[in-house]
Number of protein chains: 2
Amino acid sequence: MKLELAASQLESLGNPTRLRLYRALVRAGTGGLPVGGLQQKLGIPASTLSHHCRKLIDAGLVTQERNGTTLICRADYGAMASLIGYLADECCADGACAENPENTEA
Amino acid sequence: MKLELAASQLESLGNPTRLRLYRALVRAGTGGLPVGGLQQKLGIPASTLSHHCRKLIDAGLVTQERNGTTLICRADYGAMASLIGYLADECCADGACAENPENTEA
DNA sequence: GCAATATTTCGATGTTTCTCGAAATAGCAG
DNA sequence: CTGCTATTTCGAGAAACATCGAAATATTGC
């Protein structure tokens, strides 16, 4: 994963409203949630919600699929897994870097 | 972990300059890096660097310790591990949520 | 105390973000 | 095509952010 992509995904999750939104989608499972359902759960104006949805979609963390007149939003589990992998790997959450000689350049 | 804390940590990592900074610290291992060393590695003005350091420190992802006239910065591996845990757990990167009935509220 | 180095704080500027209501679009039912 | 619901786009205002140079602070050594 490229650093720029990871940063944009982290940034998109780094807003309390969007993190709540994303979490609601994840908890909704593979079935996802319509935008209206999200609006009810989060209790925010539709335009604000749409704005945040777009950010998550642009970052590649959420997908949308039209179902009639409603739009179903789903969390992209693969994208999250990649992001977590990047953090754990590039950023060595396990602390293994200290013993890894090749991990010393910028 | 509280959602607000996770969001603030994600936001602090969600900037390319800060992500590079954090990555440099992680790769430096437990010994950390002085601010001056970071400045050389990243090639940015000292005031800008100091600003970004502060953000990471405020978010709890980086610690500082004075060593004579230089300040050593270190990545807080525990904080990153907690954050990754939050993402993997609350946000179900493994996709297990779909089969988890209790994971259905907001 | 004075000079020298390392780092932060201050102040300013331009860019981006967040929020919301109003208006516009998309799809469906009749 | 009309009306209806779901959702997005537009426009605007306030707040936050990123960046940088200049000035201030901290620590050491003489």
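So you know, we letter chains A, B, ... as the sequences are listed, proteins then strands, and number each from 1.
Atom CZ of Arg20(A) and atom P of dT19(C) are 10 Å apart (whole Å). Atoms NZ (Lys55(A)) and C1' (dT9(D)) sit 15 Å apart, rounded to a whole Å. Between Asp58(A) atom CG and dT16(C) atom P the separation is 15 Å, expressed in whole Å. Look at CD1 on Ile57(A): it is 14 Å from C1' on dT9(D), rounded to the nearest Å. Arg54(B) places its CZ atom 19 Å from the P atom of dC20(D), with the value rounded to the nearest Å. Atom CD in Glu65(A) sits roughly 18 Å away from atom P in dA6(D) (whole-Å rounding). Atom CZ of Arg18(B) is separated from atom C1' of dA16(D) by 12 Å (rounded to the nearest Å). In this entry the distance linking CG of Leu21(A) with C1' of dC18(C) reads 14 Å, nearest Å.
Of the residues near DNA chain C, Asn67(A) and Ile44(A), the one whose nearest nucleotide (by heavy atom distance) lies more toward the 5' end is Ile44(A).
Minimum atom distance to the side chain of Ala46(A) is reached by dT8(D), of the listed dT27(D), dA18(D), dT8(D). Side-chain proximity of Ser50(B) to the nucleotides dC17(D), dT8(C), dT8(D) is greatest for dT8(C). Side chain of Pro34(B), nearest nucleotide from dA6(D), dT7(C), dG21(D): dT7(C). The side chain of His52(A) lies closest to dT19(C) when the candidates are dT7(C), dT19(C), dT9(D). With distances taken from any side-chain atom of Arg66(B) to the nucleotides dA26(C), dT9(C), dT27(D), the minimum falls on dT27(D). Out of dA6(D), dC10(C), dG21(C), the shortest distance to the side chain of Ser47(A) is found at dG21(C). In this structure, the nucleotide among dA6(D), dA18(D), dT19(C) sitting nearest to the side chain of Thr48(A) is dT19(C).
Atoms CG and CD1, from Leu87(B) and Ile84(A) in turn, are 5.0 Å apart once rounded to the nearest 0.5 Å.
The residue His51(A) sits close to a base: some heavy atom pair falls under 4.0 Å. Across all strands shown, Thr70(A) has heavy atoms under 4.0 Å from sugar-phosphate atoms exclusively, and none from any base.
Leu38(A) and Ile72(A) fall into different hydrophobic clusters, defined by Ile, Leu, Val, Met, Phe, Trp and Tyr side-chain heavy atoms under 4.5 Å apart, directly or through other members.
Although no hydrogens or angles enter the test, the distance criterion places no donor-acceptor pair under 3.5 Å between the side chain of Thr48(B) and the main chain of Ile44(B). With hydrogens and angles ignored, the 3.5 Å screen pairs no side-chain donor or acceptor of Asn67(B) with any backbone N or O of Thr70(B). Checked by atom type and distance alone, the side chain of Arg18(B) never pairs as donor or acceptor with a backbone atom of Leu13(B) at under 3.5 Å.
Residue Asn15(B) places at least one side-chain N or O closer than 4.0 Å to OP1 or OP2 of dA18(D). Contact annotation: Gln64(B) does not reach the phosphate of dT7(C) (side-chain N/O to OP1 or OP2, under 4.0 Å).
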